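Notes to accompany the following structure.
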Protein chains: 2
Amino acid sequence: MARPDQIRFRRSTLGEDVYEALKGLVLEHSLSPGDRINIDALAREFAVSPTPIREALARLEADGLVRKRPLVGYTVSPLLTRAEFDAMFEMRSLLECTSARWAAERADAAHREAVSAEAATTVAPQEDDPDGWHAAFTALDARFHDLVAEASGNGLLRDGIDRLHAHLHLHRRYFPYAQASATVEEHRRIAAAIQAADPDGAEAAMREHLARARERHLAAFD
Amino acid sequence: MARPDQIRFRRSTLGEDVYEALKGLVLEHSLSPGDRINIDALAREFAVSPTPIREALARLEADGLVRKRPLVGYTVSPLLTRAEFDAMFEMRSLLECTSARWAAERADAAHREAVSAEAATTVAPQEDDPDGWHAAFTALDARFHDLVAEASGNGLLRDGIDRLHAHLHLHRRYFPYAQASATVEEHRRIAAAIQAADPDGAEAAMREHLARARERHLAAFD
DNA sequence: CCATGAAATATCCTATAGGATCCACGATGA
DNA sequence: TCATCGTGGATCCTATAGGATATTTCATGG
């Protein structure tokens with residue numbers, strides 16, 4: 001039985017779509033930190049009215065990705081200062097180490113398997129499209145950490161980690177291509193500890209992973 | 001030199017005010033968990049247009065205090081389930097114990113003093129106005145924990161704790177009047193450890209405080 | 001040459017109106 | 001008696017227009 005080509009399933013609302021699109025623009029630095037955001041211009045660009053734009057911006061502000069000055073306008077949140085960068089990794093370490101520990105302690109077989117599977121996947125380096133590679137690798141990293149957080153069994157912890165991960169994008173765009181394999185290897189070690197139900201090992205592996213990731217990103221401050 | 005009676009200092013915008021007002025209504029259960037929220041009715045009540053209401057609701061949704069079903073409307077987030085309650089206190093323990101530890105390790109004299117001062121203040125029981133007493137005590141508790149978080153020196157940690165504290169209000173309204181003094185005493189012990197620059201002591205005191213607070217609130221599930 | 005003040009502009013903020021969708025109620029048929 | 005379908009009402013969602021404010025620019029005086 002042939003189905004109509006286009007069923008209007010609009011599960012999400014316009015404001016929702018705008019939020020996702022806008023978030024993507026900020027995270028991939030199509031809107032650079034510090035840029036002013038013109039509501040009317042965005043409305044024209046997305047072909048919607050300013051109202052859903054305002055709604056999306058309000059949510060993004062709660063996420064800390066944009067800032068609002070009354071009667072002046074929205075701006076993309078500025079680049080992280082060194083102090084904010086340190087605070088973020090301190091917080092990530094606190095949250096994610098516990099996430100890994102709990103995942104090792106509590107996760108069921110399906111979650112452990114999902115974590116291991118994600119850690120096993122790789123993205124092929126694409127010399128001709130560094131931006132695409134960067135995006136793919138970033139997405140891979142985000143998925144892995146989110147899967148671990150999901151396996152921890154605490155939804156609030158998962159939300160907090162996700163929120164922090166978004167802040168990571170407010171850092172200067174920098175990608176240590178040469179060390180991508182190191183990241184993957186660290187992920188594998190975490191996944192193995194979780195698979196083996198070794199809380200201490202999982203926490204330690206995550207702690208080392210974050211410490212190294214911090215070092216890698218630190219180079220961007222030069 | 002006489003100044004005009006009314007300088008329109010409107011630092012905050014309308015949407016901001018609505019957000020604060022609405023948040024207050026939710027936190028004090030003037031809007032009960034599960035209640036539907038009629039945007040137009042709220043707009044009439046606050047004497048503003050629906051737009052700032054929508055903006056405030058979008059932010060409250062990001063905070064997790066209200067939920068939105070597309071093309072249906074907003075509702076106040078439902079009461080915490082037992083599992084969510086446990087997850088929340090698990091998360092609070094993780095965040096606040098570290099908060100207390102870092103405050104003891106790093107805070108400057110002014111912050112330590114502020115924490116101690118807040119721990120020393122009390123609210124007089126008001127038999128004739130239990131709601132007012134409850135509100136005052138809740139505010140006191142929130143201020144104390146926020147001051148400790150501020151003293152920890154990590155703004156992200158402070159934000160996370162504040163966010164969680166709001167969720168606490170989604171619990172069934174219950175107040176162990178008889179044990180208010182116990183709470184104050186526990187606060188004093190935490191403050192003393194921070195004042196004495198004793199990280200282990202501060203963390204332990206906070207851990208015990210949260211464990212006891214959890215027990216106190218657990219009674220509301222009966 | 002610099003500082004000060006006022007006018008012009010762009011933008012945000014708010015209010016109102018119309019279209020689209022979902023929920024509830026009642027009627028019909030098995 | 002139960003399930004299914006159609007209609008009415010309420011609500012949300014979107015679009016557009018007008019008022020208010022901050023920023024910028026330019027002219028003027030020191």
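Here the structure is a predicted model, which means the values were calculated and not measured. Quick note on labels: first sequence line is chain A, next is B, and so on, each numbered from 1.
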How long is the line joining [atom1] of [X] and [atom2] of [N], in whole Å?
X       : N      : atom1 : atom2 : result
B:Arg44 : D:dA10 : CZ    : C1'   : 12 Å
B:Ile39 : C:dT14 : CD1   : C1'   : 15 Å
A:Lys68 : C:dC12 : NZ    : P     : 11 Å
A:Leu42 : C:dT11 : CG    : C1'   : 13 Å
B:Arg36 : D:dG9  : CZ    : C1'   : 13 Å
B:Glu16 : C:dC12 : CD    : P     : 17 Å
B:Ile37 : D:dC12 : CD1   : P     : 10 Å
A:Arg54 : C:dC12 : CZ    : P     : 8 Å

Note to self: Please determine whether salt bridge (Lys or Arg N to Asp or Glu O under 4.0 Å) holds for the pair B:Arg59 and B:Glu16, giving the CA-CA distance in whole Å, both sets of side-chain angles, and the decisive distance to 0.1 Å.
What the structure shows: CA-CA 10 Å; B:Arg59 292 180 57 184; B:Glu16 188 76 19; 3.0 Å; yes
On the nucleotide [N], are OP1 or OP2 found under 4.0 Å from the side-chain N or O atoms that [X] carries?
X       : N      : result
A:Asn38 : C:dT11 : yes
A:Arg69 : D:dA22 : no
A:Ser49 : D:dA15 : yes

Note to self: I want to verify a distance call: between C:dC12, D:dC12, C:dT14, whose nearest atom is closest to the A:Asp40 side chain?
What the structure shows: C:dC12
Note to self: From C-beta outward on A:Val72, which listed nucleotide comes closest to its side chain: C:dC22, D:dT16, D:dA22?
What the structure shows: D:dA22
Check: A:Phe89 vs A:His217 aromatic rings, parallel, tilted or perpendicular, using cut-offs 30° and 60°?
Finding: tilted
Next item on the list: Classify the ring geometry between A:His209 and A:His145 as parallel (under 30°), tilted (30 to 60°) or perpendicular (over 60°).
Entry: parallel
Note to self: Please enumerate all residues that pass side chain to side chain donor-acceptor pair (under 3.5 Å) together with A:Arg143, with sequence neighbours excluded.
What the structure shows: A:Glu118
Next item on the list: Say whether A:His165 and A:Asp162, considering side chains only, have a donor N or O and an acceptor N or O under 3.5 Å apart.
Entry: no
Margin query: By nearest heavy atom, map B:Ala41 and A:Ala47 onto DNA chain D; which one lands nearer the 5' end?
Written below: B:Ala41
